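In what follows, a structure is listed as structure tokens, so that the remarks can point back to it.
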There are 2 protein chains.
Amino acid sequence: MKLSTKGRYGVMAMVDVAMNGDDGPVSLKAVAERQGLSESYLEQLAGSLRKAGLLTGIRGAQGGYTLAREAGEITVGDIIRVLEGPIAPVECASEEKGPVQHCANSQGCVAKSVWVKLRDSIVKALDSVSLADLCDEAKQDGGCLPPV
Amino acid sequence: MKLSTKGRYGVMAMVDVAMNGDDGPVSLKAVAERQGLSESYLEQLAGSLRKAGLLTGIRGAQGGYTLAREAGEITVGDIIRVLEGPIAPVECASEEKGPVQHCANSQGCVAKSVWVKLRDSIVKALDSVSLADLCDEAKQDGGCLPPV
DNA sequence: ACAAAAACCTAGCACGATGGTAGGATTAAG
DNA sequence: CTTAATCCTACCATCGTGCTAGGTTTTTGT
């Protein structure tokens, strides 16, 4: 039940772009430096986010990325889905229903109700928070202490 | 955001023991056959569940496992925690707080509120369902269709 | 006493995902 | 025409997952 770094870094990057994109596009170099992440790894994540329609890429010098939609219209769930795939604690309880949904046995079927319940609460939690929400929090809190 | 087979199989096995344990202990061989799982892999899971105080092992012929507590007193969350570790979508938002909790940077801190929210809904979903609940469902539904 | 059935224990191992790096090609600003 | 950036593809080391194998102990039934 762990999120991979893709999802985590992706959210960090999107928040960074949202907060620093007021005057022109934000370069991944800047994001990488501020967030302490690898730039070339970020490139791959940004590529996925662009293809999914969450980021707009601007090439050439002084280029970078901007949000493709308003910060209030992009949820954490959107980002996670792009970078980690459909939300599904177990395959048979995926958001996106696969080819045929049948159970290997009756017991497996029983547990399914928990997995569906679990999936729904994950979806609800992730979809109820937008980038704008996170930016507002950040401005209020004023950030936290740097690492030791 | 996937559960590993440990958690899934563990829940399946516990439900199986709960439902078939009325007359004596349930052997892993029987569980493996009914659920279509590897017996030796199940042994490892059962070992962890026993050490964690969820199962009681009875050795020798006609031995097997019984629930160490009543089915109503064992939640799915209990099982998952034993087999997959503390519930934590990301490390900095773990149920069990690690050595020191500080953020690498202010942006990481911002996202943290989502992760905590996410963790809480996962915990709530998993802790609100007991083995007894799953058994009741199973008896009502009467199982579902076998695989194709 | 002995054979069978079970829990219990440990080591190892193949595979795939994760978390990157490397090196380039294209595009645009100055 | 140099520089800074996106964009693209291939590769790779490491680690967790999902097992298998092969034993030992313990208990029951004959």
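Here the structure is a predicted model, which is why all the values come from computation and not from measurement. The chains referred to below are lettered A, B, ... by the order of the sequence lines, with proteins before strands, and numbering in each begins at 1.
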Here the distance between atom C1' of dG18(D) and atom CD of Glu91(A), to the nearest Å, is 15 Å
Using atom CG of Leu42(B) as one end and atom P of dC19(D) as the other, report the distance to the nearest whole Å.
-> 10 Å
How would you list, by chain and number, every residue that makes a salt bridge (charged side-chain N to carboxylate O under 4.0 Å, His left out) with Arg69(A), sequence neighbours excluded?
-> Asp78(A)
Got a list of side-chain donor-acceptor pairs under 3.5 Å for residues 45-62 of chain B, not counting sequence neighbours?
unit_1: Ser48(B); atom_1: OG; unit_2: Gln44(B); atom_2: O; d: 3.4

Gln35(A) CD to dG20(C) P, in whole Å, measures 14 Å
Are Thr5(B) and dG18(D) close enough that a side-chain N or O sits under 4.0 Å from OP1 or OP2?
-> yes
Rounded to whole angstroms, how far apart are CD on Glu33(A) and P on dA4(D)?
-> 13 Å
Reckon Ser38(B) has a side-chain N or O less than 4.0 Å from the OP1 or OP2 of dG18(D)?
-> no
Using whole Å, report how far NZ of Lys2(A) lies from P of dC15(D).
-> 16 Å
Without hydrogens or angle criteria, can the side chains of Tyr41(A) and Thr5(A) be said to hold a donor-acceptor pair below 3.5 Å?
-> yes
dG19(C) P sits how many Å from Leu83(A) CG, rounded?
-> 12 Å
What pairs with Ser4(A) under side-chain hydrogen bond (donor to acceptor under 3.5 Å, both in side chains), at least two apart in sequence or on another chain?
-> Glu84(A)
Distance col, row Met12(B):CE vs Leu37(B):CG, nearest 0.5 angstrom, shows 4.5 Å
Rounded distance (Å) that lies between atom P of dT20(D) and atom CG of Leu37(B) | 11 Å
Which residue pairs pass the salt bridge (Lys or Arg N to Asp or Glu O under 4.0 Å) test when at least one of the two sits in residues 116-134 of chain A, sequence neighbours left out?
-> Arg81(A)-Asp127(A)
Under the side-chain hydrogen bond (donor to acceptor under 3.5 Å, both in side chains) rule, collect the residues that match up with Ser121(B), sequence neighbours excluded.
-> none
Take atom CG of Leu3(B) and atom C1' of dG16(D), then tell me their distance rounded to the nearest Å.
-> 15 Å
Would you mind building the protein contact string for nucleotides 1-13 of chain C? One character per nucleotide, 5' to 3', B for base within reach (heavy atoms under 4.0 Å), S for sugar-phosphate only, - for untouched.
-> ----BSBBB-B--
State whether Tyr9(A) places a side-chain N or O below 4.0 Å from either non-bridging phosphate oxygen (OP1 or OP2) of dG20(C).
-> yes
